[in-house]
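Presented below is the structure to which this report refers.
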Amino acid sequence: MARVSQEHLDARRRQILDGAALCFARNGFHATSMQDVLKEADLSAGAVYRYFKGKEELIGAIVAEVLGSVRAAFEEAARQSPPPPPDELVAYVLGHTLAARESLVVDGKPAFPRLVVQVWTETLRNDELAAILREGYGSVRAAWARIVEGYQEAGLMRKDVDPDHVARTMIASVLGFIAQQSLFGPAPVDVLQQGLRALMSMRYDDAAPSGPARG
């Protein structure tokens, strides 16, 4: 019997994950059966179960894959001196993440933002998935903190700012943008980039009052 190439195995795994992602984005995790995934991927049960035991493994693999690619992109940026500015970095990573999944479409709209919201919901009851998400979030946060340290070493950011605070804020901006896409429809990543750039252009006066002006 001819040996199956690694390229074939990787392509088959990709086919299964993409089919599952579409099903989860379309109908939610609990309303999706493994039969739905088999039909979407156009594969037999034996072909799918060779890679994944069930829905829990599928959603876990999807989440781990996305977070892994995001973390790798930020870690690569952290090795640059200085790292790219936040607006460019966020636009690049988010744009790359969305572009890699642009073929996943539900009802004429990108499926990935909807899938992200489905994952958030599922973590409230699935401890294993929650653990995967926490680990991935922690690694992305750590990578962002190293980027902030690079800004500080280059004199681009004040050194009295906690890098983790900036990391949390940048991640929140990306997650919020994805949530908006899921709720209100797609928007180009340029919107987030330009918004961040505008905020970055503000001048902060240490002598100014910390609260809103009062009459």
Side-chain angles (χ1 to χ4, degrees), residues 6-7 10 13-14 17 21 60-104 110 112-113 115-117 119-120 123 129-182 186-210:
Q6 187 60 47
E7 287 185 2
D10 292 343
R13 188 175 188 275
R14 172 86 276 134
L17 289 176
I62 292 169
V63 171
E65 179 185 64
V66 172
L67 290 173
S69 65
V70 170
R71 182 192 67 245
F74 283 134
E75 288 178 344
E76 178 183 354
R79 289 192 288 269
Q80 301 181 40
S81 181
D87 60 317
E88 293 182 9
L89 183 54
V90 166
Y92 168 74
V93 174
L94 182 57
H96 180 75
T97 301
L98 294 174
R101 294 156 183 84
E102 62 184 358
S103 62
L104 304 179
F112 182 70
L115 178 63
V116 171
V117 174
V119 168
W120 291 343
T123 57
L129 181 59
I132 293 173
L133 195 61
R134 279 196 302 271
E135 180 181 359
Y137 172 73
S139 64
V140 171
R141 205 169 104 198
W144 246 119
R146 288 193 291 273
I147 290 169
V148 174
E149 290 169 355
Y151 296 150
Q152 292 173 329
E153 291 171 2
L156 300 173
M157 184 176 289
R158 290 166 37 193
K159 292 189 176 181
D160 61 339
V161 176
D162 188 332
D164 185 61
H165 293 179
V166 181
R168 286 174 176 265
T169 300
M170 298 309 300
I171 293 172
S173 70
V174 173
L175 294 180
F177 188 73
I178 291 175
Q180 288 182 39
Q181 289 198 326
S182 175
V189 176
D190 288 350
V191 171
L192 180 59
Q193 180 178 9
Q194 292 170 11
L196 288 173
R197 184 173 296 167
L199 291 173
M200 290 163 53
S201 70
M202 295 178 66
R203 295 292 181 265
Y204 183 81
D205 185 356
D206 289 335
S210 59

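No experiment lies behind these values; they were computed from the predicted model shown. Residue numbers count from 1 along this sequence.
Ser173 and Leu192 make their closest contact through O-CD1, 4.2 Å (heavy atoms, listed as atom of the first residue, atom of the second, distance). Residue Gly60 comes nearest to Ile132 through the heavy atom pair CA-CD1, 3.8 Å, listed as atom of the first residue, atom of the second, then distance. The minimum heavy-atom distance between Leu67 and Val140, with the atom names listed, is O-CG2, 4.1 Å. The two residues Ala198 and Ser201 have their closest heavy-atom pair at O-OG, 2.6 Å. Contact record, Ala21 with Leu115: CB-CD2, 3.8 Å, taken as the closest heavy-atom pair.
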Which pairs of donor and acceptor atoms, one on a side chain in residues 87-94, lie under 3.5 Å apart (sequence neighbours left out)?
from, atom 1, to, atom 2, distance (Å)
Asp87, OD2, Arg197, NE, 2.7
Asp87, OD2, Arg197, NH2, 3.0

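Partners of Arg141 under the side chain to side chain contact (heavy atoms under 4.5 Å, CB included) rule, at least two apart in sequence or in another chain, are Tyr137, Asp164, Ala167, Arg168, Ile171. In terms of the side chain to side chain contact (heavy atoms under 4.5 Å, CB included) criterion, residue partners of Glu149 (sequence neighbours excluded) are, by chain and number, Arg146, Gln152, Pro163. Contacts of Gln194 classified as side chain to side chain donor-acceptor pair (under 3.5 Å), with partners at least two apart in sequence or in another chain: none. For the side chain to side chain contact (heavy atoms under 4.5 Å, CB included) test, residues two or more places apart in sequence or in another chain that qualify with Thr123 are Val119, Leu129, Ala130, Leu133. Shown here are the side chain to side chain contact (heavy atoms under 4.5 Å, CB included) partners of Asp10, two or more places apart in sequence or in another chain: Gln6.
The backbone N or O of Ala179 sits nowhere less than 3.5 Å from a side-chain atom of Ser182 that would complete a donor-acceptor pair. Of the possible donor and acceptor atoms, one in the side chain of Tyr151 sits under 3.5 Å from a partner among the backbone N and O of Pro84.
Here the CZ-CG distance, from Phe112 to Leu104, works out to 9.5 Å after rounding to the nearest 0.5 Å. Here CD of Glu7 is found 15.0 Å from CZ of Arg14. Values are rounded to the nearest 0.5 Å. Here the OG1-CD1 distance, from Thr97 to Ile178, works out to 7.5 Å after rounding to the nearest 0.5 Å.
Side-chain contact between Phe74 and Ile147 is present, with heavy atoms from C-beta onward closer than 4.5 Å. Pro83 has its side chain out of reach of Trp144: every pair of non-hydrogen atoms, C-beta onward, lies at least 4.5 Å apart. Taking 4.5 Å as the limit, every side-chain heavy atom of Pro110 sits out of range of all side-chain heavy atoms of Gln181. For the pair Leu196 and Pro86, the minimum side-chain heavy-atom distance is 4.5 Å or more.
For residues 161-181, no pair satisfies ring-ring contact (aromatic ring centres under 6.0 Å, His included), with sequence neighbours left out. The list of salt bridge (charged side-chain N to carboxylate O under 4.0 Å, His left out) pairs with a residue in residues 172-181, not counting sequence neighbours, is empty.
Within 6.0 Å of CD in Glu135 there are 12 or fewer heavy atoms belonging to other residues, nucleotides or ligands.
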Quiz item: Are Val166 and Met157 close enough, and set up right, to give a side chain to side chain contact (heavy atoms under 4.5 Å, CB included), and what steps lead you there?
Solution: CA-CA 10 Å; Val166 181; Met157 184 176 289; 4.1 Å; yes
